[in-house]
Novice: 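Handing you this structure, nothing more for now.
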Amino acid sequence: SKEYFTAEEWRAFDEKTQQEILMQYRLSYLAYTDVNWCEALGTVLANDEVINGVSYRGGFPVVKKQMRQWSLRITEYAERLLKGLEEIDFSESMKEIQRNWIGKSVGALINFQLTIDNYQLTVFTTRPDTIFGVDFMVIAPEHELVKKITSSEQKEEVEKYLKYVESRSEVERMAEVKKITGAFTGAYAINPFDGREIPVWISEYVLAGYGTGAIMAVPCGDERDYKFARHFKLPITNIIGSHYNGEEANPTKDAILENSNFLNGMVMRDAIDVAGKKLEELGIGKRQINYKMRDAGWSRQRYWGEPFPVVYKDDLPYAMEESELPLELPESNNFKPSGSGEGPLANLKEWINFAPDLKRDSNTMPTHAGAAWYFLRYMDPHNDKAFADKKALDYWGQVDVYVGGSEHAVAHLLYARLWVKILHDLGYLNFDEPFKKLINQGKITGISQWIKEIRPESSWMSNHTTKQELHLYIFKENKNIAKFPVIINESGHNSYVTYNYTDLEFKYKDPTTDQFIPTIIHEGRATFSDCDSDGGKFYLNITRWLSKEPKPKYKPILFTNNAYWHYEKEGWTFFDNGDAQELSRIETRPEVEKMSKSFLNIVHPDEIVDSYGADTLRMYEMFLGPLEQSKPWNTNGIDGVFKFLRKFWNLFHDHQGNLKVSDAEPSREELKVLHKTLKKIEQDMESFSFNTSVSEFMICANELSSIKCNKRAILEPLVIALSPFAPHIAEELWEKLGHADTILNATFPSYNEEFLKESVFNYPISINGKVRAEMKFALDMSKEDIEKMVLASDIVMKWTEGKTPKKVIVVPGRIVNVVL
RNA sequence: GCCUAAGUGGCGGAAUUGGUAGACGCGCACGACUCAAAAUCGUGUACCGUAAGGUGUGCCGGUUCGAUUCCGGCCUUGGGUACCA
């Protein structure tokens with residue numbers, strides 16, 4: 001399956017050959033993979049929609065199910081996706097994420113002869129140099145050889161172990177990675193170099209899905225192998241001399257090999273290749289590169305998405321003819337899942353069974369499919385012959401700058417890179433990387449306030465999912481101190497209650513049996529529509545959790561930063577109880593999180609737009625800090641930006657608000673302010689340093705208002721420069737200045753270095769590296785003259801106390817340093 | 001554990017190739033205008049000290065006339081990732 005065909009090659013095959021090839025590779029394209037199937041919802045869920053084995057909405061049980069799905073053979077491009085990273089301007093951490101995801105490892109396959117029935121066991125290792133340190137072999141419990149090689153004496157133990165592994169959930173396995181388990185199969189493998197017999201074990205620490213699902217264990221060099229050997233009391237061969245201390249494994253590559261036959265005396269680093277070559281010479285293995293990356297599951301059981309352009313005949317997929325394309329999504333009002341695990345398209349029988357013996361595929365592609373290459377269409381959007389004309393593609397080329405979040409690192413950004421490489425290989429594009437430069441903009445984060453939630457144990461709840469009223473009893477030192485009603489709705493939510501004491505016990509009473517039901521305590525988000533970290537006010541959206549309404553009411557309740565508040569209305573009786581008075585405290589714990597609708601911590605920009613205007617909001621966001629940095633939203637400094645815009649506006653207007661722009665010739669000083677600003681803005685925009693651009697605009701407005709400049713020749717270029725930052729105000733000023741056309745069509749002003757030239761410089765005079773004074777000298781003054789003047793000055797005399805300094809450093813246009 | 005980014009005033013943050021640390025803004029203090037308030041304007045604001053001066057960019061050390069910037073070793077925080085052989 002290491003071949004692929006270009007479009008020309010593919011078309012050159014006749015239909016029969018094409019079908020034979022398709023059959024041959026069918027499993028690569030159409031794979032059986034696990035999906036999360038939720039019976040109650042009748043649908044397939046993504047991994048992140050499943051939490052603790054139940055659906056994230058509603059808490060319904062979810063099972064893994066095998067389904068036939070399309071997969072994208074991204075593995076074919078693993079090497080090129082890795083190589084391509086070298087030539088693109090992505091952040092190092094983004095490249096690192098992609099490298100890790102691709103997970104290249106260079107190593108070797110080694111065949112071991114087994115003592116049972118001539119079976120061969122192939123392992124993948126990155127360290128063939130340690131071949132003489134192999135003390136046992138481990139194969140994954142799912143490995144196909146397990147059943148075949150287990151000896152009759154070990155059969156019982158192996159089967160017991162396999163049962164144990166099967167009983168373990170994914171969650172348990174992930175949580176208990178340190179737990180050492182395994183079983184001996186009774187089989188031995190023969191070291192191909194020295195004939196040593198090595199026991200073959202099975203253990204879940206070896207993953208079936210990576211490499212060959214089998215490893216050669218070198219306990220002196222590998223931590224996991226070492227622990228396994230110690231746990232099962234297996235012998236440990238030391239091949240690295242003093243590098244192995246007998247207490248822990250040492251994965252070094254620098255040791256000189258011992259007990260290693262023909263590798264003795266060699267440094268491990270060099271021996272890797274020597275051993276690899278020898279394996280190939282003797283025909284007992286070969287050097288090989290492995291990748292962690294898997295093919296991407298490309299089927300979704302959803303309505304929206306590109307349908308697969310294939311037709312099934314006798315259950316075999318055939319690619320549709322180019323002349324039949326595009327295959328469009330059928331119109332439908334029925335977006336419900338089919339209930340069988342297939343997507344909504346399966347409901348449209350006429351579309352699926354469009355011809356007597358032919359069927360379509362009910363799967364659709366993920367959004368990644370379109371997202372990977374839609375930008376190419378913008379280059380030539382009205383073309384009905386091709387996705388874009390070659391000329392347009394050549395003209396526009398790669399995306400210069402792509403601003404996007406880092407959460408797309410291992411999906412979208414990898415698929416887009418792959419897609420462009422494929423189109424390049426098919427001859428459509430002259431470039432094979434979509435994005436020249438990637439900027440990961442920082443997120444404006446929100447502050448979530450967390451409160452605790454107490455609800456009945458989930459096993460009780462899953463049997464009582466209908467809406468009902470329960471009573472929560474609170475005990476302190478086995479004494480019931482409070483009781484209050486709580487509504488459990490269909491999904492088991494809305495039972496949120498807050499408390500802030502650790503010595504309290506919470507119990508529910510089942511209304512039908514009068515039995516106490518154990519509780520479980522979770523933490524959940526309280527929501528605030530506004531939040532001020534500096535002793536301000538919070539609005540807690542508590543009604544979302546307490547309301548009996550099916551749709552939560554968003555009723556803000558005011559309380560202070562000290563984070564307790566007394567709630568006395570809407571049926572909350574427990575606050576009326578004198579004993580429970582203290583319980584009415586709502587204690588919250590603030591946490592900075594991504595702003596997200598599902599996190600209930602979003603801030604609406606509308607209120608800021610209402611009181612300050614959209615330009616202020618826009619500029620303030622830029623002013624907050626570097627583009628790539630995440631920061632929690634707060635409005636503490638927004639007045640500064642608002643004041644700037646008013647000051648800028650006032651440059652054009654008198655106190656009565658009438659335009660007062662003059663057509664007089666600008667002074668040299670005014671021109672200097674203008675060009676200095678334009679220069680800085682241009683540089684900052686090139687480097688995406690918008691926060692410093694805003695501060696430069698502020699400096700400029702301060703300077704111009706202190707010299708009372710109102711000249712058109714100065715202000716007009718500034719309005720254009722400001723327009724990307726504050727488009728509305730800029731457009732209005734532009735119009736007021738008498739322009740009929742929009743400012744968007746104005747030419748961006750460029751600066752003239754001529755106005756920035758200085759003749760004198762105010763030198764900082766430092767003594768022993770510490771600045772003590774300032775002195776003005778002409779920029780063309782010689783070093784010697786400056787030195788003389790500095791040494792003769794009062795301040796320097798005071799410090800030198802008449803002595804000759806050791807050294808005087810004069811850096812023209814920068815600094816003078818006197819060393820005593 | 002590994003990879004990666006970052007630690008600078010009360011706060012958000014500036015500082016081109018090593019060259020005046022704290023730009024700009026917020027906040028705070030004082031002052032002007034006002035009967036008053038708001039708005040606006042002005043002055044000050046790293047820390048210690050009355051001052052001269054001293055100390056300061058996470059910590060320890062190094063290179064240099066000079067280090068937020070370069071080098072070595074740590075600490076902390078954010079992000080990513082993991083029985084991947």
Side-chain angles (χ1 to χ4, degrees), chain A residues 91-101 103-105 107 123-127 130 138 140 173-174 176-180 203-207 209-218 221-225 227-228 251 290-293 406-407 409-410 440 442-443 445 533-534 592 620 623-626 628-632 634-644 646-647 650 655 680 683 687 689 691-702 705-706 762-774 798 805-811 813-820:
Chain A
S91 71
E92 205 42 52
S93 55
M94 177 61 71
K95 287 184 181 181
E96 208 50 45
I97 292 170
Q98 294 207 345
R99 280 191 202 110
N100 287 340
W101 185 261
K104 179 180 183 177
S105 56
V123 303
F124 174 74
T125 180
T126 53
R127 300 293 298 276
T130 62
V138 188
R173 221 175 138 161
M174 296 280 268
E176 303 176 335
V177 289
K178 296 242 161 67
K179 196 167 168 183
I180 298 160
S203 174
E204 60 179 346
Y205 88 86
V206 171
L207 306 177
Y210 184 75
T212 61
I215 62 155
M216 53 179 228
V218 184
D222 183 281
E223 193 57 40
R224 296 154 303 176
D225 298 347
K227 284 188 173 146
F228 193 83
N290 260 11
Y291 299 93
K292 238 194 299 193
M293 183 165 65
S406 53
E407 66 270 25
V410 294
N440 296 131
K443 294 179 194 75
T445 49
S533 60
D534 192 22
V592 173
Y620 180 60
F623 188 59
L624 270 175
E628 301 187 35
Q629 207 166 296
S630 287
K631 44 201 120 19
N634 80 69
T635 52
N636 285 350
I638 201 162
D639 276 335
V641 174
F642 185 66
K643 279 189 216 164
F644 155 73
R646 192 159 47 199
K647 195 177 263 185
N650 287 341
H655 291 301
K680 179 88 170 113
Q683 287 172 347
S687 56
S689 178
N691 55 327
T692 51
S693 309
V694 174
S695 89
E696 186 62 29
F697 275 120
M698 288 173 170
I699 293 168
C700 174
N702 288 344
S705 44
S706 69
N762 199 10
Y763 281 87
I765 311 299
S766 67
I767 291 159
N768 287 339
K770 199 90 196 168
V771 176
R772 299 290 173 188
E774 286 183 355
K798 179 188 148 200
K806 269 192 205 149
K807 207 172 181 182
V808 179
I809 290 127
V810 179
V811 187
R814 286 266 188 219
I815 200 167
V816 180
N817 193 11
V818 181
V819 185
L820 299 178

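Naming convention: chains lettered A, B, ... in sequence-line order (proteins, then strands); numbering from 1 in each chain.
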Novice: May I ask you to verify if any side-chain N or O of A/K807 is less than 4.0 angstrom from the OP1 or OP2 atom of B/C65?
Specialist: yes
Novice: Is there a Watson-Crick or G-U wobble partner for B/G1 with both distances under 3.5 Å, and which nucleotide is it?
Specialist: B/U81
Novice: Classify the nucleic acid contact of A/V811 as base, sugar-phosphate or nothing, counting any heavy atom under 4.0 Å across all strands shown.
Specialist: base
Novice: Is B/G18 paired to anything, Watson-Crick or G-U wobble with both distances less than 3.5 Å, and if yes, which nucleotide?
Specialist: none
Novice: Checking contacts here: which listed nucleotide (B/U20, B/C83, B/U40) is nearest the side-chain heavy atoms of A/R646?
Specialist: B/U40
Novice: B/G19 C1' sits how many Å from A/N762 CG, rounded?
Specialist: 14 Å
Novice: How many whole angstroms separate atom CD1 of A/I97 from atom C1' of B/A82?
Specialist: 14 Å
Novice: OP1 or OP2 of B/C83 sitting under 4.0 Å from any side-chain N/O of A/K227?
Specialist: no
Novice: Could you check which of B/A15, B/G25, B/A85 has an atom nearest any side-chain atom of A/T692?
Specialist: B/A15
Novice: If you look at every heavy atom in A/D225 and A/A217, which pair is closest and at what distance?
Specialist: OD2-CA, 3.2 Å
Novice: Over all strands shown, is A/E223 touching base, sugar-phosphate only, or nothing at heavy-atom distances under 4.0 angstrom?
Specialist: nothing
Novice: For the pair made of CZ in A/F642 and P in B/G25, what is the distance, rounded to whole Å?
Specialist: 16 Å
Novice: Rounded to the nearest angstrom, tell me the gap between atom NZ in A/K770 and atom C1' in B/U64.
Specialist: 17 Å
Novice: Has A/Y210 got a side-chain N or O lying under 4.0 Å from the OP1 or OP2 atom of B/A85?
Specialist: yes
Novice: Does B/G7 have a Watson-Crick or wobble partner in any strand here, with both distances under 3.5 angstrom, and which is it?
Specialist: B/C75
Novice: Between A/K95 and B/G80, does any side-chain N or O lie under 4.0 Å from OP1 or OP2?
Specialist: no
Novice: Regarding A/S695, tell me which of base, sugar-phosphate or nothing describes its non-hydrogen contacts under 4.0 Å with the strands shown.
Specialist: base
Novice: Report the distance from atom CD1 of A/I815 to atom C1' of B/U64, rounded to the nearest whole Å.
Specialist: 13 Å
Novice: For the base of B/C65, is there a side-chain donor-acceptor partner from A/N817 under 3.5 Å away?
Specialist: yes
Novice: So, do A/F228 and A/D222 sit near enough that their side-chain heavy atoms are less than 4.5 Å apart?
Specialist: no
Novice: Given side chains that start at C-beta, do those of A/N650 and A/H655 come closer than 4.5 Å, heavy atoms only?
Specialist: no
Novice: If you check every side-chain atom of A/S93, which of B/C83, B/U4, B/G19 has the closest atom?
Specialist: B/U4
Novice: Please determine, for B/C70, whether a Watson-Crick or G-U wobble partner exists with both distances under 3.5 Å, and give it or none.
Specialist: B/G62
Novice: Mind checking A/I809 for me? I need base, sugar-phosphate or nothing, with any heavy atom below 4.0 Å counting as a touch.
Specialist: base
Novice: Could you check whether A/N768 gets within reach of a base, just the sugar-phosphate, or nothing at all, counting any heavy atom under 4.0 Å?
Specialist: nothing
Novice: Starting from P on B/U81, measure out to CE on A/M94 and report it in whole angstrom.
Specialist: 11 Å
Novice: Using the closest heavy atom to pick a nucleotide of RNA chain B for each, name whichever of A/D639 or A/G103 lands nearer the 5' end.
Specialist: A/D639
Novice: Round to the nearest Å and state the distance from A/R127 atom CZ to B/A85 atom P.
Specialist: 11 Å
Novice: Side-chain N or O of A/Q629 versus OP1/OP2 of B/A6: is the shortest distance under 4.0 Å?
Specialist: no
Novice: Which nucleotide, if any, forms a Watson-Crick or G-U wobble pair with B/C41, using both distances under 3.5 Å?
Specialist: B/G31
Novice: Of the candidate nucleotides B/C24, B/G19, B/A85, which contains the atom at the shortest distance from the side chain of A/T125?
Specialist: B/A85
Novice: Please tell me which of A/K643 and A/K798 maps to the more 5' nucleotide of RNA chain B, matching each residue to the nucleotide holding its nearest heavy atom.
Specialist: A/K643
Novice: Which nucleotide in the set B/C26, B/U4, B/A21 lies at the smallest distance from any side-chain heavy atom of A/V771?
Specialist: B/A21
Novice: Using whole Å, what does the distance between atom C1' of nucleotide B/C2 and atom NZ of A/K292 come to?
Specialist: 10 Å
Novice: So do the side chains of A/S91 and A/N440 get within less than 4.5 Å of each other, counting heavy atoms only?
Specialist: yes
Novice: Below 4.0 angstrom from OP1 or OP2 of B/C83, is there any side-chain N or O of A/S203?
Specialist: no
Novice: Quick check for you: to the nearest 0.5 Å, what is the distance between A/N691 atom CG and A/Y620 atom OH?
Specialist: 12.5 Å
Novice: Would you say A/R772 reaches B/G66's phosphate, i.e. side-chain N/O to OP1/OP2 under 4.0 Å?
Specialist: no
Novice: Of the non-hydrogen atoms in A/K631 and A/P626, which two are nearest, and what is the gap between them?
Specialist: NZ-O, 3.2 Å
Novice: Respond yes when some side-chain nitrogen or oxygen of A/N634 is under 4.0 Å from OP1 or OP2 of B/C26, and no when none is.
Specialist: no
Novice: Using Watson-Crick or G-U wobble geometry with both distances below 3.5 Å, tell me the partner of B/A46, or none.
Specialist: B/U55
Novice: Considering only side-chain heavy atoms of A/N702, which listed nucleotide, B/C83, B/C24, B/U17, is closest?
Specialist: B/C24
Novice: If you round to the nearest 0.5 Å, how far is CG of A/D639 from CZ of A/F644?
Specialist: 15.0 Å
Novice: Base, sugar-phosphate alone, or nothing: which one does A/K647 contact when heavy atoms must sit under 4.0 Å apart?
Specialist: sugar-phosphate
Novice: Closest approach to the side chain of A/P626, judged atom by atom: which nucleotide of B/U4, B/C83, B/A14 is it?
Specialist: B/A14
Novice: Just confirming the chi classification of B/G42, syn or anti, using 90° around 0 as the syn window.
Specialist: anti
Novice: For A/K443, which contact category applies under a 4.0 Å heavy-atom criterion: base, sugar-phosphate, or nothing?
Specialist: nothing
Novice: Base, sugar-phosphate, or nothing for A/N691, non-hydrogen atoms under 4.0 angstrom?
Specialist: sugar-phosphate
Novice: Counting heavy atoms from C-beta on, name the nucleotide in B/U20, B/A85, B/C24 closest to the side chain of A/T126.
Specialist: B/A85
Novice: Can you identify which nucleotide, out of B/A14, B/G19, B/C84, has its nearest atom closest to the A/R224 side chain?
Specialist: B/C84
Novice: State, with a plain yes or no, whether a side-chain heavy atom of A/T445 is found less than 4.5 Å away from one of A/P632.
Specialist: yes
Novice: Got A/V218 and A/T125 here, is their nearest side-chain heavy-atom distance under 4.5 Å?
Specialist: no
